Amino acid sequence: MITMSDVFENVMELAKRRGFIWPTSECYGAVAGFIDYGPLGAMMKRRIEDIWREFYVIREGYYEIECPTIAQEAVFIASGHVAGFADKMCQCPHCSEYLRADHVAEAGGIRNASTMKNDELAAALATCTCPACGKVLWKVEVFQFNLMFKTSIGPGSQRTGYLRPETAQGMFVDFARLLRFYRDKLPFGAVQIGKSYRNEISPRQGMIRLREFTQAEAEIFVHPAEKNRHPRFARYAGYSMPLLTYVQQQQCGEAVTMTMQEAVEKGVIANQYLAYYVALTHEMLVSIGIRPEKLRFRQHLPDERAHYATDCWDAEIHSGRFGWVETVGLADRTDYDLNAHAKQSGTPMTVFIQYDEPRKVPRRRIIPNMSVLGKQYRQKAKAIFAELETAVPTKDGADVVVDGEKIHIPADLFEVRDEIVDVRGEDIVPHVVEPSYGIDRMCYAVLEQAYDEDIADGEKRVVMRLSPKVAPVQVAVFPLMTRDNLDTIALDITHAFHTKGIQAEYDDSGAIGRRYRRQDEIGTPFAVTVDYDTKENNTVTLRDRDSMKQVRVPVADLPEIVAGLVAGSTKFAELK
RNA sequence: GCAUCGAUGGUCUAGAGGUAUGACUUAGGCCUUCCAAGCCUAUAGCCCGGGUUCGAUUCCCGGUCGAUGCACCA
């Protein structure tokens, strides 16, 4: 039996020793918040990313794009990260403690601390006490600590760049191109798997809070009026899971289990789109090996939501070490981001939605007599022309304001024409539904949940019960003895696996039991052993990691059988 | 970031002001007909920088990393 408090240390020690996760640049001293994926870790991470692609790229049809990890300042001014992704901080002059300036002020009874400017806040803080040492702060300086890594683009530092704190902005700024790619029709989605960077103040939870981390994000662009009509909603309508709503949280209640259909109908989840990806996320996480009982979906409390989101749900995975860990965020970002980028860049980010039938709309047009107007007003004529379009004419004429000057245009200088026009559609700003996955946290959760110790033949066996889908090495091949040609047969089998794209590892070192244990420890789900019967009848034993049971199968069938076992289409227990 | 504690082969560990103990692992060999057996051999270590000292892995100071508490965690 292993207790949960040991699990983190055991699993991280194993991960380090066997080449899953390493501290980065160890020979120079590691840096907190950064990790290296070793050979097995990189392989496992890639398998998890590929399963994610199966769900989002292949099944949903949302193509993957790849944007730079550095972007120019304007991108993050628009996104709100330059202004908003920063904390106001100050340092206590007595005990040198770093403090959240606005929190201290609010605790000291100062109102609107969060909206104050730095110097106002500093002045207000003079009477507040330091929560660390209890002394009055008197004189402090308030500064912004922005969690984005800042850099400069090109020589001479002319241009500010930031390492992206999320991959999402890349999909937003490419909106116009994406819309053309998807032939101007909603809904569509784009996804990205890549590195993001946050200069965390004090990352101290191993793989859980990293300064450089991998995100897998999908941005799904949808008509705001269509959010309750996901075209494939039927797939998950009956899918049920425990949901911890914000109402339940406020009442200290338990999660409520319900179907996605119910959740949407009862208004628990804001719309079908969000519910669809909540269910998809559940299915995806379970398929990489997360146990359902260690998985829950928690709704953000209203004051917890990010600046852009309306409804927001987190997939949380329970860790023996860290408790419930936010691993996936599912947010309805509305039209916040597209509006912000449209405003900042001056590029419209809208979709033209055609009506089924053109609508007859009455419209009043004011048509100026430019030949007279031009002569009379000369250089002001153009501005007057523009102003007249929105002017409200009376019998006498119309008043317009040009450069602050009020000008009266007599009625005979323009014609008012009321007409019925066909309006064929409208420009709308799509809403964005965003599932955002923390790949590193998923990797950690998979490792933690896979770690197990049992007793085999009276001795402790450490075994990583990784799903065959994510296990780095998929099958091990052993000759029982390194002689009598058993080794060459085993090498041929290994080669046959490789040509079928199966990650197979050959090992002839030491006793057979030791080799099984080695593979158990890195989570290899299956092992093939070539013995003397192989030479008689061309069969080998195929051993299952979890049950340690063996079956005899023909050598020729091995690649197909193992491929089926790895894909999950066959179970070991079903083999003869 | 602050405070406390810690850091010895790949892993776990013994130890002392004079370069280091043992086990496991790994590699090579012998042996071995299915779950870490045995025998022989080999590889490999005192976190980094400064100070004290004839001499520091050991003592002192600073740093890095890790654990714990506090703060922080769009």
Side-chain angles (χ1 to χ4, degrees), chain A residues 5 8-10 12-14 16-19 22-34 38 76 79-92 94-101 103-104 130-133 145-148 165-166 168 196 198-206 208-211 300 304-309 312 321-322 325-326 329 331 436 455-463 476 478-484 486 509-521 527-535 540-545 548-550 552:
Chain A
S5 59
F8 174 78
E9 275 166 42
N10 290 345
M12 290 314 287
E13 189 275 313
L14 186 152
K16 203 193 289 186
R17 186 162 43 81
R18 299 310 303 267
W22 291 327
T24 195
S25 63
E26 245 184 321
C27 66
Y28 291 106
V31 186
F34 297 93
F76 299 116
S79 69
H81 284 98
V82 168
F85 199 54
D87 296 328
K88 285 187 189 335
M89 299 194 71
C90 64
Q91 192 175 17
C92 173
H94 313 291
C95 66
S96 306
E97 181 85 2
Y98 281 95
L99 308 162
R100 270 290 290 273
H103 288 188
V104 174
C130 171
C133 66
F145 181 79
N146 195 296
L147 263 49
M148 283 194 294
E166 59 177 12
S196 292
R198 295 176 192 183
N199 200 2
E200 298 285 355
I201 296 167
S202 177
R204 274 210 311 192
Q205 291 154 296
I208 300 295
R209 266 179 79 213
L210 292 170
R211 289 182 165 131
H300 276 202
E304 188 183 356
R305 287 177 201 146
H307 54 280
Y308 46 74
C312 190
R321 178 51 169 269
F322 302 110
V325 176
E326 172 196 345
S436 170
I455 302 295
D457 293 325
E459 260 192 284
K460 187 177 99 169
R461 176 174 82 127
V462 174
V463 50
F478 309 141
L480 188 59
M481 295 293 141
T482 318
R483 62 177 188 224
D484 303 326
L486 297 185
S509 155
I512 190 83
R514 179 184 297 279
R515 287 179 258 163
Y516 285 134
R517 292 294 180 278
R518 268 191 209 126
Q519 296 297 332
D520 289 341
E521 208 181 31
V528 167
T529 300
V530 174
D531 59 17
Y532 285 93
D533 290 352
T534 309
K535 297 178 75 167
V540 290
T541 60
L542 181 62
R543 179 243 195 202
D544 175 53
R545 173 196 68 201
M548 295 171 68
K549 291 201 171 112
Q550 292 178 308
R552 280 205 89 84

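Predicted, not measured: the structure shown is a model, and the values here were computed from it. Each chain gets a letter, A, B and so on, in the order its sequence line appears, and its residues count up from 1.
- B/G6 and B/A16: their P atoms are spaced 15 Å apart (whole Å).
- Expressed to the nearest 0.5 Å, how far OH of A/Tyr532 lies from CG of A/Asp484 amounts to 3.5 Å.
- For the C1' atom pair drawn from B/U13 and B/A44, the interatomic distance equals 16 Å after rounding to whole Å.
- Nucleotide B/G1: paired with B/C70 (Watson-Crick or G-U wobble, both distances less than 3.5 Å).
- Residue A/Ile201 is in sugar-phosphate contact alone, with no base atom involved, counting any heavy-atom pair closer than 4.0 Å across all strands shown.
- Spacing between B/A3 and B/G62 at atom P, rounded to whole Å, works out to 9 Å.
- The partner of B/G9, taking Watson-Crick or G-U wobble pairs whose two distances both stay under 3.5 Å, does not exist in any strand shown.
- Spacing between atom CZ of A/Phe478 and atom P of B/U33 amounts to 18 Å, rounded to whole angstrom units.
- Residue A/Ala456 is classed as having no contact, given no heavy-atom separation below 4.0 Å to the nucleic acid.
- B/U26 has its base anti relative to the sugar, with a glycosidic angle deviating from 0 by more than 90°.
- For the P atom pair drawn from B/C47 and B/U57, the interatomic distance equals 9 Å after rounding to whole Å.
- Checking B/C59 for Watson-Crick or G-U wobble geometry (two distances, each under 3.5 Å) identifies B/G51 as its partner.
- Applying the 3.5 Å distance criterion, the base of B/C34 shares a donor-acceptor pair with the side chain of A/Thr541.
- Across all strands, A/Arg204 comes closer than 4.0 Å to base atoms (heavy-atom distances).
- The CZ atom of A/Arg17 lies 13.0 Å from the CE atom of A/Met12; values are rounded to the nearest 0.5 Å.
- Between A/Arg18 and B/G10 there is no side-chain N or O to OP1 or OP2 distance below 4.0 Å.
- Comparing the same atom, C1', in B/G63 and in B/G9 gives a spacing of 24 Å after rounding to whole Å.
- Residue A/Arg209 is classed as a base contact, given a heavy-atom separation below 4.0 Å to a base.
- For B/C34, the base has a donor-acceptor partner in the side chain of A/Tyr516 [N/O atoms by modelled type, under 3.5 angstrom].
- In this structure, A/Val31 and A/Gln205 both approach RNA chain B, and ranking their closest nucleotides by distance from the 5' end singles out A/Val31.
- Annotation for A/Trp22 and A/Lys16: closest pair NE1-O, 2.9 Å, computed over non-hydrogen atoms.
- From A/Ile512, atom CD1 reaches atom CE of A/Met481 across 7.5 Å, with rounding to the nearest 0.5 Å.
- In this entry B/A42 has B/U26 as its Watson-Crick or G-U wobble partner, both defining distances falling under 3.5 Å.
- A distance of about 33 Å separates the C1' atoms of B/U58 and B/U41, rounded to the whole Å.
- Of the inter-residue distances, the one linking A/Ile208 atom CD1 with A/Phe8 atom CZ reads 8.0 Å to the nearest 0.5 angstrom.
- Atom CE of A/Met148 sits about 7.0 Å away from atom NE2 of A/His81, to the nearest 0.5 Å.
- Among the heavy atoms of the strands lying under 4.0 Å from A/Arg543 is at least one base atom, whether or not backbone atoms are also near.
- Residue A/Asp531 is in base contact, counting any heavy-atom pair closer than 4.0 Å across all strands shown.
- Among the protein residues, A/Gln550 comes within range of the nucleic acid bases, having at least one heavy atom under 4.0 Å from a base atom.
- Going from the P atom of B/G45 to that of B/A20 covers 11 Å, rounded to whole Å.
- Here the separation of B/A36 from B/U26, taken at their P atoms, is 13 Å to the nearest Å.
- Two residues, A/Arg483 and A/Ala511, neighbour RNA chain B, and the one matched to the more 5' nucleotide by heavy-atom proximity is A/Arg483.
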